[in-house]
Amino acid sequence: MTTPDVRPVDGEADLLHWRYVHNLVVPPCALALAEVRERARRNHLEIALLDGEPIGCSTVRPPASATARDAAAATVIARVLPAHRGRGLGAHLYERGLRHALALGARTVETFVLEAAADGLRFAARRGFTEVERYPLTSAPDARTEVHLRLATPGDGSAGGGA
């Protein structure tokens, strides 16, 4: 198998690829292209391509301003299409995102996983994330639940197996 090309989103084609993966992995939170463009202005987005086809993506939401409640918290989310899981790509995307979050000054790292995504919850748990809260997604017509998780020691979050 060819090694995936993982890089920051750059340009319209990458935005479309990022959106494609995001919307397949998290259908209750599907985004319009305009929403992806807005996220790209606020967050660090990366795309993973295999032979030019999108197979994964990630988001790093930087720590908020110093006046915010969780000022030093960044969010790192890695998404991999089901057919490409279990080969280390999720771990690679997550570790890249974690390094980026720490470089931005994050003292706490959080992530969000759909409650129904057992593989995503296991992936997060293997990396030291623990549950903070669960809440229904108001945007989801079928009232799915999202799980908010926090990494206790961000510098130690790269341990564990790939998903």
Checklist entry - Between Leu33 and Leu16, does a side-chain contact (heavy atoms from CB on, under 4.5 Å) hold up when you go through it step by step? => result CA-CA 7 Å; Leu33 185 55; Leu16 289 166; 3.8 Å; yes
Checklist entry - For Val113 and Leu149, what are the C-alpha separation, side-chain angles and deciding distance, and is it a side-chain contact (heavy atoms from CB on, under 4.5 Å)? => result CA-CA 8 Å; Val113 180; Leu149 302 128; 3.8 Å; yes
Checklist entry - Is any side-chain heavy atom of Leu151 closer than 4.5 Å to a side-chain heavy atom of Glu110? => result no
Checklist entry - If you look only at pairs with a residue in residues 26-41, which of them pass as a salt bridge (Lys or Arg N to Asp or Glu O under 4.0 Å), with sequence neighbours excluded? => result Glu12-Arg37, Glu38-Arg41, Glu38-Arg42
Checklist entry - Going by the angle between their ring planes, with limits at 30° and 60°, are Phe112 and His148 parallel, tilted or perpendicular? => result parallel
Checklist entry - Sequence neighbours excluded, which residues qualify as salt bridge (charged side-chain N to carboxylate O under 4.0 Å, His left out) partners of Asp10? => result none
Checklist entry - Can you check whether Val21 reaches Ile55 side chain to side chain, under 4.5 Å on heavy atoms? => result no
Item to check | Counterpart residues, side chain to side chain donor-acceptor pair (under 3.5 Å), relative to Thr111 (two or more places apart) | outcome: none
Next on the checklist: Phe123 vs Phe129, test: side-chain contact (heavy atoms from CB on, under 4.5 Å). Steps then yes/no.
Outcome noted: CA-CA 9 Å; Phe123 179 88; Phe129 283 89; over 6 Å; no
Next on the checklist: Grouping I, L, V, M, F, W and Y whenever their side-chain heavy atoms are under 4.5 Å apart, do Val132 and Tyr135 come out in a common cluster?
Outcome noted: no
Item to check | Contacts of Arg61 that satisfy side chain to side chain donor-acceptor pair (under 3.5 Å) - sequence neighbours left out | outcome: none
Checklist entry - Is the closest side-chain heavy-atom distance between His22 and Arg79 below 4.5 Å? => result yes
Item to check | Those residues that, when tested against Glu131, pass salt bridge (charged side-chain N to carboxylate O under 4.0 Å, His left out) (two or more places apart) | outcome: Arg134
Next on the checklist: Just to verify, what does Arg122 make a side chain to side chain contact (heavy atoms under 4.5 Å, CB included) with, not counting sequence neighbours?
Outcome noted: Ala118, Asp119, Arg126
Item to check | Contact list for residues 33-52, test ring pair (Phe, Tyr, Trp, His ring centres under 6.0 Å), sequence neighbours left out | outcome: His44-His100
Checklist entry - Considering residues at least two apart in sequence or located in another chain, which fulfil the ring pair (Phe, Tyr, Trp, His ring centres under 6.0 Å) criterion with Tyr20? => result none
Item to check | Pairwise side-chain contact, Pro28 with Leu114, heavy-atom cut-off 4.5 Å (strictly under) | outcome: yes
Checklist entry - For the side chain of Trp18 and the backbone of Thr59, is there at least one donor-acceptor N/O pair under 3.5 Å apart? => result no
Next on the checklist: Could you work out, with side chain to side chain contact (heavy atoms under 4.5 Å, CB included) as the rule, every residue matching Asn23, not counting sequence neighbours?
Outcome noted: Arg19, Ala30, Leu31
Checklist entry - Listed by chain and number, what are the side chain to side chain donor-acceptor pair (under 3.5 Å) partners of Asn43, not counting sequence neighbours? => result none
Item to check | Test log, rule side-chain contact (heavy atoms from CB on, under 4.5 Å), inputs His84 and Leu50 | outcome: CA-CA 10 Å; His84 298 277; Leu50 182 63; 4.0 Å; yes
Item to check | Pairwise side-chain contact, Arg127 with Leu98, heavy-atom cut-off 4.5 Å (strictly under) | outcome: no
Item to check | side chain to side chain contact (heavy atoms under 4.5 Å, CB included) involving His92 - partner list, sequence neighbours excluded | outcome: Val6, Arg96
